[in-house]
Amino acid sequence: MKVEKLLEIIGADFYTGVPDSQLKPLCDYLMNTYGIDKNRHIIAANEGNCTALAAGYHLATGKVPVVYMQNSGEGNIINPVASLLNDKVYAIPVIFIVGWRGEPGVHDEPQHIYQGEVTVKLLELMDIKTFVIGKDTSDEEVKKAMEEFRALLSKGKSVAFVIRKGALTYDRKVEYKNDFSMKREDIIRHITTVSGDDPIVSTTGKASRELFEIREGKGQDHKRDFLTVGSMGHSSSIALGIAVNKPDTKVWCIDGDGAALMHLGAMAVIGANAPKNLVHIVINNGAHETVGGMPTVASKIDITAIAKACGYPGAVCVDSFEELDKELLKAKEEKELCLIEIKCSIGAREDLGRPTTTAIENKNSFMGYLKTL
């Protein structure tokens, strides 16, 4: 189904969400048509954020907004859906467009398997009527579903279109880029050189995939690394939990700007506890690159200032390998919490692979290694 036709049928004026690779045609269309426009299209920090933003839009206009998201974000919307949108509370109608990763019978990565199994069930438990769109779904079927949805929306209920893999199409391509030159894979290679045998917690997406392949290229095993393949935004909290329980071990967290923004409050908790053995690295390309390259707001905020305000004793921003190596070596030797923000280009190798070990194997190997430290 052409994404233009879907949005014509829905007939909404405002869109907000968190980008998803399954919804790339939708995201590209919105960026091509509106860009980032506070009156028409806003990319939010997390799915709960965009749900509440959509509620504010409805309160101000009386119109029905659209929230788009990957199904992994359903956990983030449970609270605002149940305690804000629900018709037993404020009866605020929202149309959700949900990318269905891990659909049963469709091969996907391990972090999507269980989420895929419960995607529709979770929506139904939240009293959100769903309609699944696949490659063979006709425009007429979607029109009929939308007619039924309108009756529910008029009663203050929310509804959802669940999008199967390859169900949406968009003919135009969108190129996402910035002005920085350092590549993320090279940045991570520099980090592993300095971190040595220290444990690393890496964020979801291409960063963990690149870390895995760097170890493979060096002929190393993967026991030093916890690859946070799911649970976006929580790698720094995982690293905090490790650091406070392994106070004599330097712990490195490789974070991304989109992930850091998703649960920014984690930085306040890290700063308040200030473990002297934690190095928090935020690789900032201002993009949700793993799911297509759509922008984050990280290029418009001062991450180092936020870190300092949260209680990090040290926070620096670098945009060259000379500066990076200097700050990595300093962080390795110093005994205090620090944050290094690294300005990074958008892009990755076309042949970038995925971890060949399972999530359970990764956990067991990593835990075994931590016991030796």
Side-chain angles (χ1 to χ4, degrees), residues 180 182 184 186-204 207-208 211 214 223-228 231-285 298-299 301-344 366-367 369-373:
F180 299 106
M182 287 198 292
R184 183 182 51 250
D186 293 333
I187 290 168
I188 295 173
R189 187 171 287 106
H190 280 243
I191 295 169
T192 60
T193 297
V194 175
S195 63
D197 289 328
D198 298 337
I200 294 176
V201 178
S202 59
T203 189
T204 188
S208 282
L211 176 58
I214 287 167
K223 63 184 181 182
R224 302 166 188 81
D225 310 322
F226 185 80
L227 310 176
T228 316
S231 197
M232 182 174 171
H234 293 301
S235 59
S236 62
S237 296
I238 295 169
L240 172 64
I242 295 167
V244 297
N245 286 284
K246 290 287 182 180
D248 297 324
T249 299
K250 183 73 74 173
V251 178
W252 301 72
C253 175
I254 299 177
D255 216 347
D257 57 294
L261 286 168
M262 183 163 278
H263 295 295
L264 198 59
M267 289 178 64
V269 177
I270 293 169
N273 286 275
K276 296 181 179 181
N277 57 328
L278 178 59
V279 182
H280 188 182
I281 296 171
V282 179
I283 301 177
N284 183 2
N285 61 7
S299 60
I301 64 173
D302 190 337
I303 290 177
T304 57
I306 292 171
K308 290 175 182 177
C310 286
Y312 286 61
V316 296
C317 181
V318 302
D319 63 3
S320 73
F321 284 113
E322 181 181 5
E323 291 178 305
L324 173 61
D325 290 340
K326 175 186 173 183
E327 294 300 333
L328 289 174
L329 289 168
K330 182 179 176 183
K332 174 81 171 179
E333 297 302 322
E334 286 193 345
K335 291 180 170 53
E336 70 172 12
L337 168 66
C338 68
L339 178 138
I340 304 172
E341 178 189 6
I342 307 169
K343 297 292 189 177
C344 173
F366 184 72
M367 290 182 70
Y369 183 63
L370 289 182
K371 287 180 181 179
T372 69
L373 302 176

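Values below: all heavy atoms of this structure, side chains included; hydrogens, waters and symmetry mates excluded.
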Asker: If the condition is side-chain contact (heavy atoms from CB on, under 4.5 Å), which residues does Asn277 pass it with, not counting sequence neighbours?
Answerer: Ala243, Val251, Pro275

Asker: What residues form a side-chain contact (heavy atoms from CB on, under 4.5 Å) with Ser237, not counting sequence neighbours?
Answerer: Ala266

Asker: Closest approach of Met267 and Ile303, non-hydrogen atoms and distance?
Answerer: CE-O, 4.2 Å

Asker: Could you tell me the separation between the OG atom of Ser208 and the CD1 atom of Ile254, rounded to the nearest 0.5 Å?
Answerer: 8.0 Å

Asker: Between CD of Glu341 and CG of Asn284, what distance do you get to the nearest 0.5 Å?
Answerer: 5.0 Å

Asker: State, to 0.1 Å, how close Ile188 and Ala207 come at their nearest heavy-atom pair, and which atoms those are.
Answerer: CD1-O, 3.6 Å

Asker: For Arg189, run the side chain to side chain donor-acceptor pair (under 3.5 Å) check against Thr192, Asp186, Thr193 and tell me which one passes.
Answerer: Asp186

Asker: If we only count heavy atoms from C-beta on, is the Thr203 to Thr228 side-chain gap below 4.5 Å?
Answerer: no

Asker: Atom CD1 of Ile200 and atom CD1 of Ile281: how far apart are they, to the nearest 0.5 Å?
Answerer: 7.5 Å

Asker: Any donor and acceptor pair, going by atom type alone, linking the side chain of Glu327 with main-chain N or O of Glu323 inside 3.5 Å?
Answerer: no

Asker: For residues Lys250 and Glu334, report the shortest heavy-atom separation together with the two atoms involved.
Answerer: NZ-O, 2.7 Å

Asker: Once side-chain contact (heavy atoms from CB on, under 4.5 Å) is applied, do any residues pair with Cys338, and if so which ones, sequence neighbours excluded?
Answerer: Val279, Ala331

Asker: If you measure from CG on Asp248 to CG on Leu373, what distance do you get to the nearest 0.5 Å?
Answerer: 10.5 Å

Asker: When the ring planes of Phe366 and Phe226 are compared, do they come out parallel, tilted or perpendicular, using 30° and 60° as the limits?
Answerer: tilted

Asker: Measure the spacing between CZ of Arg184 and CD1 of Ile342 and express it to the nearest 0.5 Å.
Answerer: 11.5 Å

Asker: So Asp197 and Tyr369, side-chain contact (heavy atoms from CB on, under 4.5 Å) or not? Walk me through it.
Answerer: CA-CA 10 Å; Asp197 289 328; Tyr369 183 63; 3.3 Å; yes

Asker: Quick one: closest heavy-atom pair of Ile270 and Leu278, and the distance?
Answerer: CG2-CD2, 3.9 Å

Asker: In terms of heavy-atom contacts, does NZ of Lys330 have more than 12 from other residues, nucleotides or ligands at under 6.0 Å?
Answerer: no

Asker: Between Lys276 (side chain only) and Pro247 (backbone N and O only), is there a donor and an acceptor less than 3.5 Å apart?
Answerer: no

Asker: Can you see which heavy atom on Leu337 is nearest to which on Gly271, and at what distance?
Answerer: CD2-CA, 4.1 Å

Asker: Please check if atom NZ in Lys332 has more than 12 non-hydrogen atoms from other residues, nucleotides or ligands closer than 6.0 Å.
Answerer: yes

Asker: To the nearest 0.5 Å, how far apart are CD1 in Ile340 and CD1 in Ile187?
Answerer: 11.0 Å

Asker: Heavy atoms only: give me the nearest Met182-Lys343 pair and the separation to one decimal.
Answerer: CE-O, 3.5 Å

Asker: Do Asp225 and Ser202 make a side-chain contact, defined as non-hydrogen atoms from C-beta onward lying under 4.5 Å apart?
Answerer: no

Asker: Would you please test Asp302 and Ile306 for side-chain contact (heavy atoms from CB on, under 4.5 Å) and show each step?
Answerer: CA-CA 6 Å; Asp302 190 337; Ile306 292 171; 5.7 Å; no

